[in-house]
Amino acid sequence: MSEFSESEKEILLKHFSNVDDSVFAVVTPRQVDRGALMSRYSRTDKSMRKIFLDEFLQNENRGEEFYNKVLLEYGDDSVAELGEAQIAIEGLSNIAVKKIEDRRIGLSYLEKSSRYVAWDKKINGEYKFFKDSDIMSSKYADQYLESCNLDFDVYSRNIQPMIAYIQEKEPIGDQKFKNSSGEEVLFSQLKNEEDVKSATRIYNATVKAKALDILRGILPASTLTNVGITGNGRAFEYLLTILYSSNLKEERELAEKIHRELDTTIKSFVKRSDDKHGKLLQSYLVELKDAAGALGKNHLRGRKSKDFLVEIVESEYEKRAEDKVISALLYEQSTGMSYGEILSQVKKMNTVTRKKITKTFSSLRTNRRQRPPRGFEMTDYTFDLLTNFGMFRDFHRHRVLTLERQLLTTNHGFSIPEEILSFGIRKDFEDCMYKSKEVFDLLGKKTPEQAQYVVNFAYKYHYFMKLNLREAVHLIELRTVPQGHPDYRKVAQEMFKSIKKVHPNLSQIIKYVDLKNYNLERLESEKRIEEKRKRLR
């Protein structure tokens, strides 16, 4: 017999996906009620649907009351994760979007791509880049505008010529595409009109992405972008605190706007971000930054950085790493044995046995989407990187690692794509870089954070990453796929070579690294996308 009457079932079906099954979706419209139901659920032996009928149905403020009591009075932070929201932000700089995306846990992002979308459009006769009020009120405002406008002029006027150059260098006639029979043939051998249209679409998308990849280094960090954020209340609350404590006016104003919009959806979950507790946390974050800056000046002696790309600066001795990884791999299925006992026995294994165990787990992987087991998280690597800022933006998306970065600067030089040289626009490219450096040096004396806005994507950038072997497998295999940007493919390849050098046996688990180079990186990927389109028609 059902727990609910027919009239109760009718009511419940407006708030839950079903009334009889033990698995159901909570579809009640108010986000605050969904979260409160989930949290209240853990504090009673009633079923969730019974809680709704007894406590929420007659009191439309029950969700708000619950959160005010639990979250604000008791400080139970975990319940703030039960409220979720989606926020879209348009027209923010590449400085601000990186600050937002520094938050690793509880938030997911989708950002406008520099590979598929060109930044050559104007609004009311002006290119889309951020004009910081501190800069615009300074005596360097004209130089700042001149530098950014030069970047966009050079970038915009070279898009179509660069596309034509790539088409000439890698003509469509030299590429192979599938015909109606599923065979890969040269473009000239395609007979079916639809096959020709499909191949042309694939080729054009590939060439455009290649052209934009080559030219993106010219863009300044002030370039305006869009980002969509999905996340829980707890993560949004901390994001707001970070932005409120920023030295950049843009980021503080973004905090106010994001907060305003979250108040329309999950107000109860982000109340503390700018109250007394939030302001204390903001002060703490400012003090942390100031303390690190002062200590660095007192105890570190600055010197010109050596020029490098990737450097492994910390890893364990191979035997110690193997001991821990193998012990963790065998732990789950070794019922009755402690980790210490397993580790003790693994330490006595000979080299042949160790290699056999590692090879077993490697051989079980048949594609890169099959993640290695958690045992491979037992050893870590720290990489120091000096790459261009445009490339950093791609690596920045990886969450399961520790990443620390410095402020953008023009002091480490810039990288020039080979195609810029062969295409013959080296002077234009370097003019942009030198103008940016001139303005950066003027702004950086008093406002180093604001000076970042003028730095081009091509300028080199210091950051380090600490990651375990399991995450290294994911990052390296993903970032060396053929369709990847050449810059980050090279970095990921060097990371693999470094790991292989220090851990030749364990590195076998990085089974799907691609060490080749490609001329039209996205061609095969665009072919697969086109095949999916055909199946959906």
Side-chain angles (χ1 to χ4, degrees), residues 89 91-102 126-152 217-225 239-258 282-298 300 302 304-305 386 388-390 392-393 396 404-414 432-463:
I89 308 172
L92 74 166
S93 75
N94 268 264
I95 297 298
V97 78
K98 293 307 118 187
K99 176 65 74 66
I100 289 171
E101 292 173 352
D102 276 337
E126 295 185 342
Y127 288 119
K128 294 185 281 187
F129 62 88
F130 188 72
K131 301 172 182 66
D132 177 77
S133 59
D134 290 336
I135 295 176
M136 299 312 294
S137 62
S138 75
K139 60 183 178 180
Y140 305 121
D142 288 343
Q143 289 99 316
Y144 176 77
L145 292 174
E146 184 183 348
S147 178
C148 291
N149 279 316
L150 174 63
D151 295 336
F152 278 89
I218 299 170
L219 294 169
S222 59
T223 301
L224 297 180
T225 186
L239 169 62
L240 290 174
T241 305
I242 292 289
L243 294 177
Y244 276 128
S245 65
S246 172
N247 289 334
L248 294 178
K249 187 176 180 181
E250 178 192 12
E251 293 173 357
R252 296 194 300 272
E253 290 180 345
L254 278 173
E256 293 173 0
K257 292 178 181 180
I258 296 169
Q282 290 171 37
S283 297
Y284 167 70
L285 293 171
V286 172
E287 289 167 3
L288 277 180
K289 189 186 298 182
D290 291 345
L295 290 167
K297 287 178 182 177
N298 290 337
L300 300 177
K304 184 173 176 60
S305 294
L386 182 60
N388 64 69
F389 177 59
F392 162 80
R393 294 162 65 255
H396 189 232
E404 285 289 353
R405 58 197 181 95
Q406 298 176 355
L407 295 180
L408 278 176
T409 179
T410 60
N411 294 335
H412 306 309
F414 52 85
C432 292
M433 301 301 123
Y434 296 145
K435 183 62 181 177
S436 299
K437 180 165 179 55
E438 176 189 319
V439 179
F440 176 84
D441 289 343
L442 294 172
L443 292 170
K445 294 173 184 176
K446 289 189 176 180
T447 55
E449 292 197 43
Q450 284 81 357
Q452 294 180 99
Y453 286 116
V454 80
V455 179
N456 308 85
F457 285 13
Y459 270 105
K460 295 178 182 178
Y461 187 45
H462 263 303
Y463 54 103

Could you tell me which non-hydrogen atom of E251 sits nearest to which non-hydrogen atom of L243, and how far apart they are?
O-CB, 3.5 Å

R405 bridged to D102 by N-O distance under 4.0 Å:
yes

Straight-line distance of Q452 CD to Y461 OH, nearest 0.5 Å
6.5 Å

Shortest non-hydrogen contact between T223 and N94, atoms and distance
O-ND2, 2.9 Å

To the nearest 0.5 Å, what is the distance between CG (L408) and CD1 (I95)?
4.5 Å

For the pair D151 and L219, evaluate side chain to side chain contact (heavy atoms under 4.5 Å, CB included) and give the outcome as yes or no after the intermediate values.
CA-CA 6 Å; D151 295 336; L219 294 169; over 6 Å; no

Is it true that, when you exclude K257 itself, more than 12 heavy atoms of the residues, nucleotides or ligands shown sit nearer than 6.0 Å to its NZ?
no

Any idea which heavy atoms bring P220 and F457 closest together, and the distance?
O-CE1, 3.5 Å

Do the side chain of Q282 and the main chain of T241 share a donor and acceptor less than 3.5 angstrom apart?
no

Heavy-atom donor-acceptor pair, R252 side chain to Y244 backbone, under 3.5 Å:
no

If you take all heavy atoms of S245 and V286, which pair is closest and at what distance?
O-CG2, 3.7 Å

Quick one: pull up CE in M136 and CG in L145 and give me the separation to the nearest 0.5 Å.
4.0 Å

Yes or no on side chain to side chain contact (heavy atoms under 4.5 Å, CB included) for V455 and F440, after CA distance, side-chain angles and deciding distance?
CA-CA 7 Å; V455 179; F440 176 84; 3.6 Å; yes

Using side chain to side chain donor-acceptor pair (under 3.5 Å) as the criterion, list what pairs up with S93, not counting sequence neighbours.
E250

Roughly how far, to the nearest 0.5 Å, is the CD atom of Q143 from the OH atom of Y140?
8.0 Å

Tell me whether E101 is salt-bridged to R393, with the criterion being a basic N under 4.0 Å from an acidic carboxylate O.
no

Distance-only donor-acceptor check, side chains N247 and E449, under 3.5 Å:
yes

Using the side chain to side chain contact (heavy atoms under 4.5 Å, CB included) rule, take M433 and N456 through it: C-alpha gap first, then chi angles, then the decisive distance, then the call.
CA-CA 7 Å; M433 301 301 123; N456 308 85; 3.7 Å; yes

On a heavy-atom basis, which atom in G91 and which in L224 lie closest, and how many Å separate them?
O-CD2, 3.5 Å

First locate atom NZ of K460, then atom CG of L386, and finally report the distance between them rounded to the nearest 0.5 Å.
6.0 Å

Start with the C-alpha distance between D132 and Q450, add both sets of side-chain angles, then the distance that settles side-chain hydrogen bond (donor to acceptor under 3.5 Å, both in side chains), and finish with yes or no.
CA-CA 7 Å; D132 177 77; Q450 284 81 357; 4.7 Å; no

With rounding to the nearest 0.5 Å, note down the distance linking CD in E146 to OG in S436.
10.5 Å

Shortest non-hydrogen contact between Y144 and F130, atoms and distance:
OH-O, 2.6 Å

Using a strict threshold of under 4.0 Å (side-chain N to carboxylate O), is an ion pair present between K437 and D441?
yes

pair L92-I100: side-chain heavy atoms closer than 4.5 Å
yes

Listed by chain and number, what are the side chain to side chain donor-acceptor pair (under 3.5 Å) partners of T409, not counting sequence neighbours?
N411

Residues that N388 engages under side chain to side chain donor-acceptor pair (under 3.5 Å), provided they are two or more places apart:
S415, D487

Show your reasoning for whether side chain to side chain contact (heavy atoms under 4.5 Å, CB included) applies to Y459 and F389.
CA-CA 6 Å; Y459 270 105; F389 177 59; 5.9 Å; no

Could you tell me how the ring of F414 sits relative to the ring of Y434: parallel (under 30°), tilted (30 to 60°) or perpendicular (over 60°)?
perpendicular

